[in-house]
Amino acid sequence: MPPMMMQPSPLGLENTTPPAPRPRGSARVVDLVIDALIGIYDHELTRPQRLRINLDLTPLPDSLPLDPAQIVTQVTEHIQARHTNLLESLAERLAALLLSDQRVASVMVRLEKLDAFQECEAVGVEILRRR
């Protein structure tokens, strides 16, 4: 934590209040599309489906920046390592994985199956988890 700084007040009095932590912008992954084995139906057990992933990670104040390239690699490897039955389960696992980085205060995970139904563009889930 930075040392307490003395700041002059408009009234000429000394202000010994430490400055607020610097907010840092979030790290985002937008519309990452990968093939994944996900679902409970027979055809979903062996045929990969396109999965769209959107992530928004909010770092803790004064933490080092988050690396989006590292996040993409980590998430892609995690998803492609095994079959998952439910989008909800995968979203929870990804949130836990991303929150295991001590710099992350919160994470939004949105997952969408792009080829589940012909009648719509996508079906999916979105969760927000905080440390």
Side-chain angles (χ1 to χ4, degrees):
M1 179 170 245
M4 197 177 322
M5 293 186 269
M6 301 294 276
Q7 299 175 354
S9 76
L11 301 176
L13 303 172
E14 293 300 320
N15 182 355
T16 58
T17 304
R22 292 173 307 181
R24 185 174 299 279
S26 62
R28 289 189 173 179
V29 174
V30 178
D31 293 340
L32 171 64
V33 177
I34 63 171
D35 289 331
L37 287 172
I38 187 158
I40 58 172
Y41 298 111
D42 289 340
H43 68 276
E44 296 176 314
L45 300 177
T46 57
R47 188 172 13 140
Q49 299 180 65
R50 291 184 310 142
L51 186 65
R52 181 169 46 211
I53 300 129
N54 284 278
L55 307 167
D56 193 347
L57 291 82
T58 304
L60 291 167
D62 289 331
S63 65
L64 293 173
L66 300 170
D67 179 3
Q70 182 181 11
I71 294 166
V72 167
T73 299
Q74 189 177 28
V75 165
T76 300
E77 289 175 354
H78 185 83
I79 291 171
Q80 292 181 335
R82 68 183 224 202
H83 177 270
T84 300
N85 286 337
L86 302 173
L87 280 176
E88 295 83 353
S89 299
L90 181 56
E92 291 292 349
R93 283 201 334 263
L94 290 176
L97 173 71
L98 296 167
L99 284 169
S100 70
D101 184 326
Q102 296 303 308
R103 298 172 294 173
V104 177
S106 67
V107 62
M108 182 281 300
V109 176
R110 179 184 307 125
L111 303 176
E112 297 170 301
K113 286 178 160 184
L114 299 177
D115 303 315
F117 300 101
Q118 291 180 352
E119 298 84 6
C120 61
E121 180 179 332
V123 294
V125 299
E126 180 176 325
I127 64 170
L128 174 64
R129 297 294 177 262
R130 291 184 169 85
R131 179 168 302 285

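Here Leu98 contributes atom CG and Gln74 contributes atom CD; the two are 6.0 Å apart, rounded to the nearest 0.5 Å. Here His78 contributes atom NE2 and Thr84 contributes atom OG1; the two are 6.5 Å apart, rounded to the nearest 0.5 Å. The structure places CZ of Arg28 at 10.5 Å from CG of Leu57, a figure rounded to the nearest 0.5 Å. Asp31 contributes atom CG, which lies 5.5 Å from atom CZ of Arg52 (distance to the nearest 0.5 angstrom). To the nearest 0.5 Å, the span separating CD1 on Ile38 from CZ on Arg82 amounts to 10.5 Å. The line from CZ of Arg129 to OG of Ser106 is 11.5 Å long, rounded to the nearest 0.5 Å.
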For Val75 and Val29: C-alpha separation, side-chain torsions, deciding distance, then whether side chain to side chain contact (heavy atoms under 4.5 Å, CB included) applies.
CA-CA 10 Å; Val75 165; Val29 174; over 6 Å; no

For the pair Asp101 and Ile71, evaluate side chain to side chain contact (heavy atoms under 4.5 Å, CB included) and give the outcome as yes or no after the intermediate values.
CA-CA 10 Å; Asp101 184 326; Ile71 294 166; over 6 Å; no

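Considering all non-hydrogen atoms of both residues, Ala122 and Glu112 come closest at CB-CB, 3.9 Å. Here the closest heavy-atom approach between residue Pro68 and residue Leu66 is recorded as CD-O, 3.3 Å.
Considering only heavy atoms from C-beta on, Ile34 comes within 4.5 Å of Ile79 through its side chain.
For the side chain to side chain contact (heavy atoms under 4.5 Å, CB included) with Val125, the lone residue among Val109, Leu87, Leu86 that qualifies is Leu87. When each of Val33, Asp35, Leu114, Leu90 is paired with Leu51, the side chain to side chain contact (heavy atoms under 4.5 Å, CB included) condition holds for Leu90 and for no other.
A donor-acceptor pair under 3.5 Å is absent between the side-chain atoms of Arg130 and the main chain of Ala105, judged by distance alone. Counting only distance, with no hydrogens or angles, the side chain of Ser100 and the backbone of Leu97 share a donor-acceptor pair below 3.5 Å.
The hydrophobic cluster containing Met108 also includes Leu128, under a criterion of side-chain heavy atoms closer than 4.5 Å among ILVMFWY residues, counted directly or through chains of members.
Judged as a side-chain contact (heavy atoms from CB on, under 4.5 Å), and not counting sequence neighbours, the contacts of His83 are Leu37, Leu45, Asn85.
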